[in-house]
Amino acid sequence: MDERQLRILRELGELGSVTAVAEALLVTPSAVSQQLRLLQRSIAVPLTEKDGRRLVLTEAGQALAGAAIEVETALARARHTVDEFVDRPDGEVSVAAFHSAGTAFFPLLLRGLAGPDGPRVALADADVAQDDFPRLTREYDLVLAHRLDHAPPWPRTVTATTLLREPLDVAMPADHPLAAKRRLTPRDVADEPWIAAHDGFPILATLEAVAAAAGRRLHFAHRINEFAVVCQAVAAGGGLALMPRWTMRPDPALVLRPLSGVQARRHIDALHRPERTARRAVRTVLDELRRAALIIRDRDTEGEETP
């Protein structure tokens, strides 16, 4: 049995005829009769009987029609509860981000939503391989993920909102000979030791493109994912590294130089399952992430040529 069948049974008890029920529910009499037959198949005792030319409820039918009132009341209450939940401005919204995105976005998000009536964010760090970000949308309302500019799009099971298209620059100690150049080519950096990410992370694919453009393999001296650690390793002379231009705090011991000849840029996207943004609170947090992205991008007032 389902809600529609129970409602038809209830209306039949009150209105007294199939025709009257059909008129009340704006359906055909045959549709009413069909639903009554389907309901009867799930009940072991008769629910209706003929009374002359009329179809009336049996005692079992009357009992079930009475229960139908309770069912409709409970369903109406449930729908109202869901509507309230969906429209609440102050619900909790879970947000996961890879490390450098969390460093840049989380403080701005917390400050931007600090008012008493806004959503409450529950933040988490999640540094995973690129292909694993969509799976995180099962656990979190919003997931900040990164992929290369030319990488395949995210699967259709998730919705993606691009927050930043962030350049990746070459990081080196401030006294490195290459620091005198304003822009570097793959040939400039091909013979240097590199600090690379682990397999499956977007930065590595860009380094492979650098190697292809230079026509020789790069030497990966170290494998480190966390950019804060990479900064320290570069400053200590461990090698060059690709660093995001906007989402990492400037380190006075380092300089960043743009790289020509390859697509050195990543997308920072907010991923979510389509149904998540039915909630007003999730939409509010997504809007705040967009505002934060503008602040992060605009911090670089010197533009693309002089990071």
Side-chain angles (χ1 to χ4, degrees), residues 1-96 117-122 124 132-143 154-161 270-286:
M1 69 180 73
D2 62 28
E3 176 192 0
R4 179 176 53 177
Q5 294 165 357
L6 291 175
R7 185 180 183 192
I8 286 174
L9 187 72
R10 175 187 175 185
E11 297 291 348
L12 180 62
E14 292 182 4
L15 298 176
S17 75
V18 169
T19 300
V21 171
E23 290 176 355
L25 300 182
L26 303 177
V27 297
T28 64
S30 61
V32 172
S33 298
Q34 180 184 28
Q35 291 302 314
L36 288 172
R37 287 194 297 270
L38 291 173
L39 177 61
Q40 183 63 72
R41 291 176 187 174
S42 63
I43 305 296
V45 295
L47 298 174
T48 62
E49 60 185 3
K50 287 285 188 178
D51 182 11
R53 299 182 62 181
R54 298 175 63 246
L55 187 67
V56 299
L57 302 186
T58 63
E59 290 186 10
Q62 292 172 10
L64 186 57
I69 297 174
E70 298 179 18
V71 170
E72 285 201 51
T73 301
L75 287 172
R77 189 179 299 116
R79 291 190 189 97
H80 180 67
T81 300
V82 170
D83 289 342
E84 283 188 335
F85 169 73
V86 165
D87 200 46
R88 281 185 60 184
D90 60 344
E92 182 176 282
V93 178
S94 56
V95 183
D117 299 324
R120 302 183 312 278
V121 287
D132 292 332
F133 279 112
R135 298 188 186 97
L136 292 177
T137 60
R138 295 188 181 96
E139 304 174 46
Y140 301 98
D141 293 310
L142 296 167
V143 174
W154 300 107
R156 296 177 65 184
T157 54
V158 299
T159 298
T161 299
L271 308 183
H272 62 84
R273 295 196 165 194
E275 66 272 16
R276 300 281 183 150
T277 48
R279 292 178 55 204
R280 178 179 173 185
V282 174
R283 296 195 303 272
T284 298
V285 173
L286 186 56

Inset, instruction - State, with a plain yes or no, whether a side-chain heavy atom of L47 is found less than 4.5 Å away from one of L57. - result: no

Legend entry - Backbone of T159 reached by a side-chain donor or acceptor of R273 within 3.5 Å: no

Legend entry - Qualifying residues under side-chain contact (heavy atoms from CB on, under 4.5 Å), relative to E14, sequence neighbours excluded: R10, E11

Legend entry - Test item: R283 side-chain N/O and A278 main-chain N/O as donor-acceptor pair under 3.5 Å: yes

Inset, instruction - Any chance you could lay out the side chain to side chain contact (heavy atoms under 4.5 Å, CB included) test for V158 and H272, step after step, and finish with the verdict? - result: CA-CA 6 Å; V158 299; H272 62 84; over 6 Å; no

Inset, instruction - With the side chain counted from C-beta on, respond yes when R279 and D141 share a heavy-atom pair under 4.5 Å apart, and no when they do not. - result: yes

Inset, instruction - State, to 0.1 Å, how close P119 and A281 come at their nearest heavy-atom pair, and which atoms those are. - result: CG-O, 3.6 Å

Inset, instruction - Hey, could you give me the CD1/CD distance between I8 and E3, rounded to the nearest 0.5 Å? - result: 11.0 Å

Inset, instruction - Measure the CG-CZ distance between D132 and R135 for me, rounded to the nearest 0.5 Å. - result: 4.5 Å

Legend entry - Side chain to side chain, V56 and E49, heavy atoms closer than 4.5 Å: yes

Inset, instruction - Hey, could you give me the CZ/CG distance between R280 and D90, rounded to the nearest 0.5 Å? - result: 9.0 Å

Legend entry - Rounded distance [0.5 Å steps], CD in E275 versus OG1 in T137: 8.5 Å

Legend entry - Test side-chain contact (heavy atoms from CB on, under 4.5 Å) applied to L142 and V285, L271, V121, the passing residue: V285

Mind listing the side-chain donor-acceptor pairs of residues 24-35 below 3.5 Å, one per line with the distance, residues two or more places apart or on another chain?
residue	atom	partner	partner atom	Å
T28	OG1	S30	OG	3.1
T28	OG1	A31	N	3.2
S33	OG	P29	O	3.1
Q35	OE1	Q5	NE2	3.4

Inset, instruction - Starting at CZ of R7, measure out to CG of L12 and round the result to the nearest 0.5 Å. - result: 13.5 Å

Legend entry - Backbone N/O of P46 and side chain of T58: donor-acceptor pair under 3.5 Å: yes

Legend entry - Validation row: V282, T284 side chains within 4.5 angstrom (heavy atoms): no

Legend entry - For the student: nearest non-hydrogen atoms of S94 and Y140, plus distance: OG-CA, 3.3 Å

Inset, instruction - Working to the nearest 0.5 Å, report the span between CG of L9 and CD of Q40. - result: 9.5 Å

